[in-house]
Amino acid sequence: MPDAAREPLRSIALLDEGDGAYRAPDPDGMRRFVRDEKDRRLVDKRMSEQDAVARFVHDGDYVSYDTNVWRRGPASLMREIIRQRRRSLWLAAKFSAHDATLLTAGGCVSDIDVGWMEVGRVINEAMQEGRVRLHEWTNGALAYRHLAGALGVSFLPLRYVGGTDVFRMSGAKLIEDPYTGQPICLVPAVNPDVALIHVNQCDMYGNARIFGPGLAPAETAMASRRVIVSTEEIIDPEEIRKHPGATTLPYYLVDAVVHAPFGGYPGTVPGLYRADLQHLMEFGAAQEQGTMDDYLDKWVFSVSSHTEMLERRVGLQKLHQLRAEETHTEGYYT
Amino acid sequence: MPDAAREPLRSIALLDEGDGAYRAPDPDGMRRFVRDEKDRRLVDKRMSEQDAVARFVHDGDYVSYDTNVWRRGPASLMREIIRQRRRSLWLAAKFSAHDATLLTAGGCVSDIDVGWMEVGRVINEAMQEGRVRLHEWTNGALAYRHLAGALGVSFLPLRYVGGTDVFRMSGAKLIEDPYTGQPICLVPAVNPDVALIHVNQCDMYGNARIFGPGLAPAETAMASRRVIVSTEEIIDPEEIRKHPGATTLPYYLVDAVVHAPFGGYPGTVPGLYRADLQHLMEFGAAQEQGTMDDYLDKWVFSVSSHTEMLERRVGLQKLHQLRAEETHTEGYYT
Amino acid sequence: MTATHAFTTTEAAICYTARLIEDDRLYFVAIGGPPLLAILLARRLRGADIAYVVEDGTIAPRMPIPTPAFMIGAGLASSRAVAWTDMNTVDFHAGLGYIDCGVLAAVQVDEFGNFNSTFTGGCYDRPERRFGGPGGANEIASLCWRTVLLTRLERRKFVKKLDFSSSPGYLDGTPGARERAGLPPETGPWRVVTERAIFGFDEATRRMKLLAVAPWSSIDDVLGDMQFTPLIAERVESLPPPSEAELDALRADIDPMGRTIGGDWIHLAGDGDSLQRIVVEPAAGT
Amino acid sequence: MTATHAFTTTEAAICYTARLIEDDRLYFVAIGGPPLLAILLARRLRGADIAYVVEDGTIAPRMPIPTPAFMIGAGLASSRAVAWTDMNTVDFHAGLGYIDCGVLAAVQVDEFGNFNSTFTGGCYDRPERRFGGPGGANEIASLCWRTVLLTRLERRKFVKKLDFSSSPGYLDGTPGARERAGLPPETGPWRVVTERAIFGFDEATRRMKLLAVAPWSSIDDVLGDMQFTPLIAERVESLPPPSEAELDALRADIDPMGRTIGGDWIHLAGDGDSLQRIVVEPAAGT
């Protein structure tokens with residue numbers, strides 16, 4: 001039996017390590033949180049986006065989402081986070097889109113782990129003014145760090161990141177592989193405080209279905225302390241049990257179920273509605289022209305909810321049009 | 001940039017390690033095999049079980065399968081391996097059933113990595129006579145070692161196995177976690193020489209669908225150098241492309257596609273046919289009475305193929321009955 | 001309770017375990033056998049939808065009762081689940097702390113709750129009796145917050161030294177022993193259930209502690225069938241025998257084909273605290 | 001070839017890259033942009049079902065042409081795939097050696113094929129110009145057997161020292177440098193494609209080597225736009241400009257909305273080896 005006081009058999013060389021800032025992996029802390037705070041009962045978790053964000057997103061949280069505001073992203077939850085003026089969030093931008101820009105414009109963000117994200121005036125100015133710090137990773141390394149978090153371990157070995165400035169600025173380590181003797185990188189697990197996942201279908205308990213490719217929805221939900229699911233459709237729990245193979249997330253991972261038709265707007269939810277390119281151009285123009293405050297006022301602050309935004313700012317005709325023009329449903333709903 | 005000649009920053013303690021026998025992980029060797037031997041083209045891979053086993057299963061191979069001969073197991077391929085008198089196979093018995101017994105009775109097996117398996121007279125006698133060596137792991141650790149192989153790395157950390165005789169007899173190591181400082185186990189990856197996977201549907205290129213729960217079919221296929229898929233049904237490649245979300249294995253992982261209706265017999269393929277309990281009792285009786293040679297002669301050697309076995313030994317009436325009595329199809333085919 | 005009250009050792013362990021099952025917890029069990037039957041029994045008795053995961057990746061199924069004939073090879077065992085995943089996925093859920101309690105069968109157990117499901121007698125390469133192996137018990141006993149072990153109260157089962165330690169209890173019982181072996185903290189065996197006694201573990205010493213004894217047995221009777229001497233609770237509870245309601249549900253509703261009948265038949269006479277064991281005889285087919 | 005022959009720098013790089021694409025290989029590309037368009041162009045020109053995977057887990061899709069307006073946010077981009085998985089899964093396939101070649105765009109590249117897609121000028125926390133980040137390029141350039149890089153031939157792009165090394169080439173070029181950094185052996189950049197030159201890498205020194213130059217350019221012209229001096233192949237090939245067939249397919253079939261028009265317009269006059277660049281002018285919107 002191993003004993004802390006015992007001499008190690010031998011030692012493994014730690015060859016190099018990055019000096020980036022990251023939250024120290026704490027799988028035991030994650031376990032205790034799950035034990036003490038997560039409900040294993042089948043309880044109705046439906047709530048408004050206001051309640052979900054008020055209860056489960058806090059200043060200073062590490063926030064992860066999947067995929068991004070251009071495709072099946074939790075856009076309505078992001079707007080609610082801005083509306084509730086959360087501050088000092090640390091985002092996991094694993095193949096992000098303008099999500100990080102939007103939340104930064106809303107003043108919600110202090111740190112971003114970057115895989116890839118749309119970068120424009122908002123991020124640039126926030127960096128210049130020191131309001132936002134970036135931490136360079138890669139899309140895959142971020143997805144993989146979520147996998148590590150989902151596996152309940154503190155790190156995973158991987159065969160990239162090494163040799164680049166990404167390694168130097170990251171929390172990665174290069175060690176002598178105890179099995180092959182060759183150098184191998186390790187990356188630290190991430191256990192986000194909260195995950196935001198927009199799904200196609202979900203029952204009231206949180207059993208959720210995602211259709212189509214994705215970044216790392218299952219890993220992100222498993223790795224995160226809190227999971228807010230927004231869903232295009234609430235379905236009957238018995239329907240979930242009729243097709244258990246279709247379930248992406250089982251209920252016990254999920255803390256809140258927000259019914260949010262068009263929750264991905266202005267992005268697409270493939271098979272349901274296309275992206276609103278006009279809105280995306282409006283966003284782009286607001287960024288370039290430095291009128292993001294107007295944009296946020298129009299789309300976030302001047303409306304009290306996602307539903308009100310859809311009604312008063314998008315309008316039923318546009319919604320019908322976006323649905324009608326998503327003609328490719330194959331593999332999703334047909 | 002790290003340099004082999006450079007002094008390590010510090011060292012990580014290797015606290016303990018098992019002294020079990022296992023194949024040294026070789027992710028680079030796996031990569032080269034994939035580069036040089038696996039076909040990335042969409043080519044017709046349909047072949048008989050005779051050809052698949054003759055081409056892709058060799059004496060001394062490490063063989064992994066999913067799940068087991070009682071449920072969606074590659075039973076017809078196992079019988080063909082016996083028929084072709086393969087020798088010195090090393091089996092991964094991750095939640096195995098009587099698979100290991102059957103192959104041991106056939107004289108095909110020299111080593112078994114044990115998670116769980118049915119053990120009776122055949123295994124006991126083979127152990128007593130030194131014909132078969134067992135290597136104690138656990139179901140989960142074996143599935144996880146396949147995951148490590150599937151991830152292309154040589155090891156993964158995990159939070160069990162430690163503290164037991166399983167650790168002592170295994171290839172696991174206990175190290176100081178470089179992130180938390182706490183002791184953490186590592187287990188070595190396994191990259192089987194060949195995987196045997198029985199699936200519900202597959203196209204001629206090897207795009208395969210599995211319905212229902214499973215042990216680690218995707219990890220096993222990804223981790224293995226060669227993948228033989230036997231399938232209840234060959235479906236049109238365009239059908240695969242109509243529902244990409246239903247695909248379990250993409251074509252390039254697969255080397256052989258064997259059309260094998262009732263390929264799981266005498267086990268069940270849930271949703272299609274139930275297990276043949278009468279056959280299982282016959283197997284059990286043959287083992288207890290020491291008449292496995294007769295059993296093998298009847299079910300394997302005296303017939304030239306799976307189809308001939310079904311026709312001459314099972315009979316159409318029994319096949320119809322097994323299908324008819326699998327009344328629970330919900331979630332699989334309905 | 002009448003003089004004809006009779007049950008097998010396996011039935012008793014299943015009934016006692018069912019009493020320990022809590023409605024709002026998540027359990028991890030093997031694909032078949034007494035631990036699963038204990039959960040199905042608890043469900044049946046309380047009409048509660050008690051959730052469990054299975055090694056094959058099935059999450060919270062609603063297995064119909066009576067249970068199918070060949071559970072390990074029956075699709076019905078996975079029916080009406082909320083999700084069909086795979087072995088790694090449910091192990092990850094356990095690793096993340098989602099699974100409150102594993103319920104497991106053990107061949108041998110030692111005073112710190114370490115247990116054996118690999119072999120007894122001889123040596124590893126030439127065992128006298130070889131069993132199926134650790135299966136998923138090692139990960140379940142390592143990762144779930146609590147573990148309930150089912151076994152029979154016999155000297156060959158409650159041993160000073162395991163022939164093989166397949167799955168971890170409190171290891172050598174020293175503080176932090178599990179953590180030093182790489183296992184998550186605050187986990188470990190919680191109860192050991194047999195046909196006539198239930199044990200827990202002392203928080204300080206991690207040694208097994210006798211908590212309850214059947215009225216037709218006694219502390220001495222229990223200690224006489226163990227190689228090691230457990231701690232004795234300050235107040236040892238009386239362990240009511242399987243009730244008729246429990247046995248009826250188990251026999252008529254859960255397992256009418258009688259597959260749970262294992263171990264020995266125990267025939268009781270008397271009433272309340274005056275219950276006496278009058279016969280012990282082997283059950284058929286064991 | 002007529003005097004009115006004109007194309008943009010981006011179009012040229014796409015057309016040249018398409019020529020490097022082999023029918024029977026498996027590619028890894030970003031979700032949109034010139035690398036993906038190069039594969040779609042090769043498919044169109046040869047009628048071949050060239051397979052690629054995308055970071056979002058889409059495996060071997062048959063994206064319809066013309067390509068959808070907002071590719072990164074269009075379900076059509078994933079249509080008729082053989083499988084929809086996720087980012088980790090396709091990265092594992094690359095890690096296992098299944099993906100022959102990654103095709104990537106680079107902001108800056110150095111003489112060993114290391115490249116930058118993070119920022120230029122200033123420092124990391126206060127960059128003069130910040131880009132999207134490494135994205136999936138780091139893993140693609142690390143794990144695929146070969147990498148093709150697309151960029152423009154400009155002094156600010158072919159640099160002695162990267163402002164930031166986002167993704168690995170041959171690192172410092174010493175033997176085994178990639179392996180010492182933990183990357184799989186026998187991998188690395190294979191070609192760097194620009195609008196008027198194609199580079200490879202010397203097997204021994206791992207330094208970039210000029211392989212082909214457009215007839216309307218010259219070796220001196222190429223070297224004049226690079227901060228470092230590459231090796232020069234013993235026989236530098238002539239790089240035929242984008243053909244009318246290539247440009248027609250790209251413009252009419254793949255991208256009729258003209259999203260590939262980036263960089264500068266190049267107008268050529270003459271014929272064959274006497275081709276001359278007559279005008280270079282910025283393309284609209286760049």
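Just so we're on the same page: letters track the sequence lines, and every chain starts at 1.
By the salt bridge (Lys or Arg N to Asp or Glu O under 4.0 Å) test, C:Arg178 pairs with no residue at all, sequence neighbours left out. Scored by the side chain to side chain contact (heavy atoms under 4.5 Å, CB included) test, C:Pro127 finds B:Met127, B:Gln128, C:Phe119, C:Arg130 as partners (sequence neighbours excluded).
Of the two parts of C:Ile31, only the side chain, counted from C-beta on, holds a non-hydrogen atom closer than 4.5 Å to a non-hydrogen atom of chain B. Residue contact with chain B, scored on non-hydrogen atoms closer than 4.5 Å, is absent for C:Ser117. Neither the backbone nor the side chain of B:Leu142 comes within contact range of chain C, judged by heavy atoms closer than 4.5 Å. For B:Glu118, no part lies near chain C; criterion is any non-hydrogen pair under 4.5 Å. Contact of B:Arg159 with chain C is made through backbone and side chain together, with heavy-atom distances under 4.5 Å. Interface residue B:Ala141: only backbone heavy atoms are found under 4.5 Å from chain C. For a residue to count as touching a neighbouring chain, one of its non-hydrogen atoms must lie under 4.5 Å from one of that chain's; by this rule C:Leu183 touches chain B with backbone and side chain alike.
Residue-level contacts of residues 64-91 of chain C with chain B, in order of numbering, are C:Ala69, C:Phe70, C:Ile72, C:Gly73, C:Ala74, C:Gly75, C:Leu76, C:Ser78, C:Ser79, C:Arg80, C:Trp84, C:Thr85, C:Asp86, C:Met87, C:Asn88, C:Asp91; threshold 4.5 Å between heavy atoms. Chain C is approached within less than 4.5 Å, heavy atom to heavy atom, by B:Pro183, B:Ile184 from residues 176-184 of chain B, ordered by number.
The aromatic rings of B:His98 and B:Phe283 sit parallel, their planes meeting at an angle under 30°, below the 60° perpendicular limit.
Looking at B:Arg209, its side chain never comes within 3.5 Å of a backbone N or O of B:Asn200 through a donor-acceptor pair.
At a threshold of 4.0 Å, the pair B:Arg133-C:Asp125 does not count as salt-bridged, since none of the basic side-chain nitrogens sits closer than that to a carboxylate oxygen.
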